[in-house]
Amino acid sequence: QARLVESGGGLVQAGGSLRLSCAPSGLTLSRYGMGWFRQAPGKERDFVGAINWSGDRTCYADSVKGRFTISRENTKNAVYLQMNSLNPEDTAVYYCAADLYGTCSTSAYEYEYWGQGTQVTVSS
């Protein structure tokens, strides 16, 4: 069964950086738009950013615009979320998701596959 696996989470001080990776099992990402979402304790899962299936379009939530960057390497079947200038409000479980031929979908309902999430904690 196809699934996604996130990695790269951890504990970082405010102002620091982390790079999350998303790799599939049983799935070829080149046909999928990829999204990143996050969920803080007691809150809903929120859209962070996405990249379309061809990799030439990205979109971001206003809260992360200018700090986070999504990229993909279809030859390595992987997608990345580079997070810079992190602050405590970025603390959450981060999820990657796949949307067949997706074109920067911001709604979680558009995504067919999800990872199990990776914890990102930013200390002040």
Participant: Mind checking whether V79 and L4 have side chains closer than 4.5 Å, heavy atoms only?
Facilitator: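 SC-SC contact between V79 and L4 ruled out.
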Participant: Taking side chain as C-beta onward, heavy atoms only, is I70 less than 4.5 Å from W36?
Facilitator: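 A side-chain contact exists here, since the closest heavy-atom pair is under 4.5 Å.
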Participant: For residues 94-112, which side-chain donor-acceptor pairs fall under 3.5 Å, sequence neighbours excluded?
Facilitator:
unit_1	atom_1	unit_2	atom_2	d
Y94	OH	R38	NH1	2.9
Y94	OH	D90	O	2.6
D99	OD2	S105	OG	2.7
S107	OG	Y109	N	3.2
Y111	OH	S105	O	2.5
E112	OE1	L100	N	3.0

Participant: Is the closest side-chain heavy-atom distance between V93 and T118 below 4.5 Å?
Facilitator: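 Sidechains of T118 and V93: no contact.
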Participant: Output all residues satisfying salt bridge (charged side-chain N to carboxylate O under 4.0 Å, His left out) with K43, sequence neighbours left out; order by chain, then residue number.
Facilitator: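 In terms of salt bridge (charged side-chain N to carboxylate O under 4.0 Å, His left out), with neighbours along the sequence ignored, K43 is linked to no residue.
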Participant: So does R57 get a backbone contact from the side chain of N52, meaning a donor-acceptor N/O pair under 3.5 Å?
Facilitator: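 Flag set: sc N52 to bb R57 pair under 3.5 Å.
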Participant: Under the side-chain hydrogen bond (donor to acceptor under 3.5 Å, both in side chains) rule, collect the residues that match up with S17, sequence neighbours excluded.
Facilitator: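 Listed in chain order: N84.
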Participant: Quick test of your reading: applying salt bridge (charged side-chain N to carboxylate O under 4.0 Å, His left out), list the pairs with at least one residue in residues 76-86, sequence neighbours left out, ordered by first then second residue.
Facilitator: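 Found E73-K76.
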Participant: Would you please name every residue forming a side-chain hydrogen bond (donor to acceptor under 3.5 Å, both in side chains) with N74, sequence neighbours left out?
Facilitator: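 Counting only residues at least two positions away or on another chain, N74 forms a side-chain hydrogen bond (donor to acceptor under 3.5 Å, both in side chains) with R72.
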Participant: Minimum heavy-atom separation for L86 and R67, please, with both atom names.
Facilitator: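 Residues L86 and R67, closest heavy atoms: CA-NH1, 3.9 Å.
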Participant: Test of understanding: with side-chain contact (heavy atoms from CB on, under 4.5 Å), list the residues that count as partners of T28, not counting sequence neighbours.
Facilitator: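 Listed in chain order: S30, N77.
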Participant: Residues in side-chain contact (heavy atoms from CB on, under 4.5 Å) with S7, at least two apart?
Facilitator: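 Per chain and number, S7 pairs via side-chain contact (heavy atoms from CB on, under 4.5 Å) with S21.
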Participant: Under the ring pair (Phe, Tyr, Trp, His ring centres under 6.0 Å) rule, collect the residues that match up with F47, sequence neighbours excluded.
Facilitator: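 With sequence neighbours excluded, F47 shows a ring pair (Phe, Tyr, Trp, His ring centres under 6.0 Å) to F37, given in chain and number order.
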Participant: Is the shortest side-chain heavy-atom distance between L18 and V120 below 4.5 Å?
Facilitator: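 Yes, at least one pair of side-chain atoms sits under 4.5 Å.
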Participant: Decide yes or no for Q116 and E6: does some side-chain heavy atom of the first lie under 4.5 Å from some side-chain heavy atom of the second?
Facilitator: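 Side chain of Q116 against side chain of E6, heavy atoms only: contact under 4.5 Å found.
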Participant: Not counting sequence neighbours, which residues clear salt bridge (charged side-chain N to carboxylate O under 4.0 Å, His left out) with D56? List them please.
Facilitator: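 Listed in chain order: nothing, the list is empty.
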Participant: How would you list, by chain and number, every residue that makes a side-chain contact (heavy atoms from CB on, under 4.5 Å) with S71, sequence neighbours excluded?
Facilitator: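 Here the qualifying residues are Y80.
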Participant: Do W114 and L20 share a hydrophobic cluster, counting only Ile, Leu, Val, Met, Phe, Trp and Tyr and linking them when any side-chain heavy atoms are less than 4.5 Å apart?
Facilitator: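 W114 does not cluster with L20.
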Participant: Can you sort out the partners of T91 under side-chain hydrogen bond (donor to acceptor under 3.5 Å, both in side chains), two or more places apart, ordered by chain and number?
Facilitator: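 Once residues adjacent in sequence are excluded, T91 has no partner under the side-chain hydrogen bond (donor to acceptor under 3.5 Å, both in side chains) criterion.
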Participant: Run the side chain to side chain contact (heavy atoms under 4.5 Å, CB included) check on Q1 and Y113 step by step: do they pass?
Facilitator: CA-CA 10 Å; Q1 184 167 345; Y113 298 100; 6.0 Å; no
Participant: Quick one: does L81's side chain get under 4.5 Å of F68's, heavy atoms only?
Facilitator: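 Side chain of L81 against side chain of F68, heavy atoms only: contact under 4.5 Å found.
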Participant: Evaluate side chain to side chain contact (heavy atoms under 4.5 Å, CB included) for M34 paired with W53, printing each intermediate quantity in order.
Facilitator: CA-CA 7 Å; M34 299 299 297; W53 67 274; over 6 Å; no
Participant: Restricting to non-hydrogen atoms, name the atom on P88 and the atom on S124 that form the minimum distance, rounded to 0.1 Å.
Facilitator: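 Here P88 and S124 meet closest at CG-CB, 3.9 Å.
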